[in-house]
Protein chains: 2
Amino acid sequence: MVESALRDADLPPLAWYDALLELERAGDDGIRPLELRDKLLLPQYALSRLLDRMEKAGLTERLSCPSDKRGHLVRTTGRGRDTRTRMWPVYAKVLNDRIAGNLEPGDRLALAKLLGKIPE
Amino acid sequence: MVESALRDADLPPLAWYDALLELERAGDDGIRPLELRDKLLLPQYALSRLLDRMEKAGLTERLSCPSDKRGHLVRTTGRGRDTRTRMWPVYAKVLNDRIAGNLEPGDRLALAKLLGKIPE
DNA sequence: AGCACATAGATGCAGATGCATCAATATTGA
DNA sequence: TCAATATTGATGCATCTGCATCTATGTGCT
């Protein structure tokens, strides 16, 4: 459902959102794929291919890693940041419509509080 | 888990089991793909491809349908029946180990009764 | 009959999943 | 130091999912 909303808006799938968000959090130094994999809870090969696709779309880039020549550092590009930003309202609208929209006002508040407790 | 047990035994995936079973039930006249799709709860294209693969493996065959030239009738081959038969003990063992094995004897009986109520 | 529309099924494409395995580099221990 | 081993990440292969679209045939209406 989020997927179809994103598709309709000509935006990439949800998994990209998560990845891009983590990459933004990681900052300009980038992040090692293994670490990203742990955050996203993906199998290694899945992340490798996700990075392929996102890189092909110009949303991320792989930098060579000075401390370990086997690996690299990944980071978002400006385009990646832009795309994630455009994804957010679509995502948020679906969440709002489908989740919050089905709750009583009191429940909504309770949910907001609960979510607020979840660490970034 | 059932999947890996089947793979270890060099047998096809679970979806094939269901399909082969329905085909056996349908008998020698075969069954129309649409009808099979309803029984298996698969999207049309998924069934089409499943039939491709099973046919390639020699487990099913498509017969031309006299009453509607757009479609055909599908049925199992002897090899299909044989394969399904060899899949069953593997499947059953996993079910037994993982499900029944975690229940008290009384619960097992209750489960068996419940399952018995589910129409074929 | 003839044309619009519906239905059966296949297929191209992109992505994802899972497995196995590879190449390159790191680390460890004798 | 050097060989065995471990780790990082990529990749080949098959399957599977979902979407869109195609072909061929069937059906209904005029």
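In what follows, every chain begins at residue 1, and chains take the letters A, B, ... in the order their sequences are listed. Keep in mind that what you see is a predicted model, and the values were worked out from it rather than measured.
Taking the nucleotide of DNA chain C with the nearest heavy atom to each of A:P66 and A:A46, the more 5' of the two is matched to A:A46. Taking for each of A:W16 and A:Q44 the nucleotide of DNA chain C with the nearest heavy atom, the 5'-most of the two is the partner of A:W16. Summary of the strand contacts: B:P13 and A:R7 both lie near DNA chain D, and taking for each the nucleotide with the nearest heavy atom, the more 5' one is attributed to B:P13.
Between B:E24 and B:R81, no side-chain nitrogen of the basic residue sits less than 4.0 Å from a carboxylate oxygen of the acidic one, so the salt-bridge criterion is not met. Ion pairing between B:D52 and B:K56 fails under the 4.0 Å rule for side-chain N and carboxylate O. Taking a cutoff of 4.0 Å between a charged side-chain nitrogen and a carboxylate oxygen, B:R32 and B:E35 do not qualify as a salt bridge.
For the pair B:L63/B:V74, no side-chain contact is recorded, criterion being any heavy-atom separation below 4.5 Å from C-beta on. Residues B:P12 and B:T83 are in side-chain contact: their nearest non-hydrogen atoms beyond the backbone lie under 4.5 Å apart. Under the 4.5 Å side-chain criterion, counting only non-hydrogen atoms from C-beta, A:L36 is in contact with A:E22.
Shown here are the side-chain hydrogen bond (donor to acceptor under 3.5 Å, both in side chains) partners of B:K93, two or more places apart in sequence or in another chain: B:D97. Applying the side-chain hydrogen bond (donor to acceptor under 3.5 Å, both in side chains) criterion to A:Q44, with sequence neighbours excluded, gives no partner residue. The side-chain hydrogen bond (donor to acceptor under 3.5 Å, both in side chains) check on A:Y17 picks up A:R84, with sequence neighbours excluded.
Look at CG on A:D10: it is 15 Å from P on C:dA14, rounded to the nearest Å. We find that CZ of B:R62 is positioned 8 Å from C1' of C:dA10, with the value rounded to whole Å. Taking atom CG of residue B:L36 and atom P of nucleotide C:dA10, one finds them 11 Å apart after rounding to whole Å.
Reading DNA chain D from its 5' end, the first and the last nucleotide to sit under 4.0 Å from a heavy atom of chain A are D:dT7 to D:dC19.
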Quick one: what's the B/S/- string for nucleotides 3-8 of chain C, heavy-atom cutoff under 4.0 Å, read 5' to 3'? ----BS

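In this structure, B:R75 and B:G27 approach most closely via the heavy-atom pair CB-O, 4.3 Å. B:T60 and B:L23 make their closest contact through CG2-CD1, 3.5 Å (heavy atoms, listed as atom of the first residue, atom of the second, distance).
For DNA chain D, the neighbouring residues in residues 48-61 of chain B, judged by any heavy atom under 4.0 Å, are B:R49, B:R53.
Residue-level contact check: B:R37 touches neither bases nor backbone, having no heavy atom under 4.0 Å from any strand.
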